[in-house]
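Here's the structure we're looking at; comments come further down.
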Amino acid sequence: MQRGSDRLSVHRDDEMKHELQGLLRSGHPTRTEEWNDPEPTAEDDPEVMYGPVTPSRGPTVLETLRLELARNLTRGTFPASPRELARALRRRNAPDALVERLERLPASARFGNVQELAQALTGSGQSGPGGRPERA
């Protein structure tokens with residue numbers, strides 16, 4: 001019986017299963033043409049900005065705080081003072097601990113984006129990538 005959702009015949013399905021058996025059992029590519037295999041990373045490949053991405057390296061405090069702020073603030077919120085940002089966080093039902101940290105910042109400060117705000121809250125990053133000074 002032919003079903004409407006089948007794109008291939010039963011015989012072609014069996015052929016494809018047979019072709020993939022070697023790959024599935026061996027756990028590595030079984031192609032005879034080496035040029036067709038995926039290329040491993042080289043020693044001179046550039047690394048990610050803050051080092052290689054590995055399962056053992058967890059997010060830093062700055063990254064975690066920046067993510068939490070980005071969840072609760074939009075681009076339209078910036079530039080803003082700590083008071084305006086605290087008000088926006090309360091409207092979005094952000095965690096109280098986050099709002100309290102924000103309220104401790106100087107009232108005269110202005111922040112242009114989430115990165116600047118996260119750096120001010122953690123007290124980190126006097127220089128950014130490439131050694132450029134960050135605004136806080």
Side-chain angles (χ1 to χ4, degrees):
M1 174 189 270
Q2 178 67 29
R3 292 179 292 193
S5 63
D6 287 344
R7 288 183 37 216
L8 305 173
S9 69
V10 174
H11 300 293
R12 181 64 184 135
D13 284 342
D14 289 339
E15 286 176 24
M16 291 174 68
K17 285 179 190 173
H18 181 70
E19 290 172 7
L20 288 174
Q21 272 183 349
L23 175 64
L24 296 175
R25 287 187 181 166
S26 68
H28 58 81
T30 58
R31 297 181 183 98
T32 56
E33 301 92 9
E34 287 185 24
W35 60 268
N36 208 7
D37 287 341
E39 185 176 325
T41 59
E43 292 178 9
D44 61 342
D45 281 349
E47 292 184 356
V48 180
M49 181 184 284
Y50 298 110
V53 177
T54 59
S56 63
R57 184 182 92 75
T60 63
V61 175
L62 177 65
E63 291 168 341
T64 305
L65 182 62
R66 187 177 58 219
L67 178 63
E68 187 65 30
L69 289 167
R71 282 184 188 140
N72 292 294
L73 298 172
T74 62
R75 288 185 195 172
T77 310
F78 294 98
S81 67
R83 174 182 257 172
E84 296 165 333
L85 293 169
R87 199 175 312 129
L89 287 174
R90 277 195 204 96
R91 277 194 306 264
R92 291 189 161 272
N93 299 319
D96 291 335
L98 186 61
V99 176
E100 290 168 5
R101 286 178 75 178
L102 192 63
E103 289 173 340
R104 289 187 214 129
L105 292 174
S108 62
R110 298 244 347 135
F111 302 100
N113 56 39
V114 171
Q115 178 70 23
E116 291 176 9
L117 179 58
Q119 286 178 339
L121 287 170
T122 59
S124 67
Q126 295 305 319
S127 64
R132 295 184 311 243
E134 296 282 335
R135 294 175 288 165

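Treat the numbers as computed from the prediction; the structure is a model and nothing was measured. When a residue number appears, it is its place in the shown sequence, counting from 1. Side chains included, hydrogens not; waters and symmetry mates left out as well; all remaining heavy atoms used.
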Step-by-step side chain to side chain contact (heavy atoms under 4.5 Å, CB included) determination, Leu102 to Leu117: CA-CA 9 Å; Leu102 192 63; Leu117 179 58; 3.3 Å; yes
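Among residues two or more places apart in sequence or in another chain, the side chain to side chain donor-acceptor pair (under 3.5 Å) test is passed with Glu15 by Arg12. Every residue was checked against the side chain to side chain donor-acceptor pair (under 3.5 Å) condition with Arg87, not counting sequence neighbours, and none meets it. Partners of Ser81 by side chain to side chain contact (heavy atoms under 4.5 Å, CB included), not counting sequence neighbours, listed by chain and number: Arg83, Glu84, Arg110. Not counting sequence neighbours, the partners of Thr74 by the side chain to side chain donor-acceptor pair (under 3.5 Å) test are Thr77. In this structure Arg71 satisfies the salt bridge (charged side-chain N to carboxylate O under 4.0 Å, His left out) test together with Glu68, sequence neighbours excluded.
A heavy-atom distance below 4.5 Å is not found between the side chains of Thr122 and Thr60.
Across all their heavy atoms, Ala120 and Phe111 have their closest contact at CB-CE2, 3.5 Å. A pairwise comparison of heavy atoms in Ala70 and Val114 identifies N-CG1, 4.1 Å as the closest pair. Closest non-hydrogen pair, Ala107 versus Pro82, comes out as O-CD, 4.0 Å. The heavy-atom pair separating Ala118 from Leu65 by the smallest distance is O-CD2, 3.8 Å.
In this structure, Leu69 CG and Thr64 OG1 are separated by 11.0 Å, a value rounded to the nearest 0.5 Å.
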For residues 92-101, run the donor-acceptor check on the side chains, cut-off 3.5 Å, and write out each pair with its distance to 0.1 Å, sequence neighbours left out.
| unit_1 | atom_1 | unit_2 | atom_2 | d |
| --- | --- | --- | --- | --- |
| Arg92 | NE | Asn72 | O | 3.0 |
| Arg101 | NH2 | Leu121 | O | 3.2 |

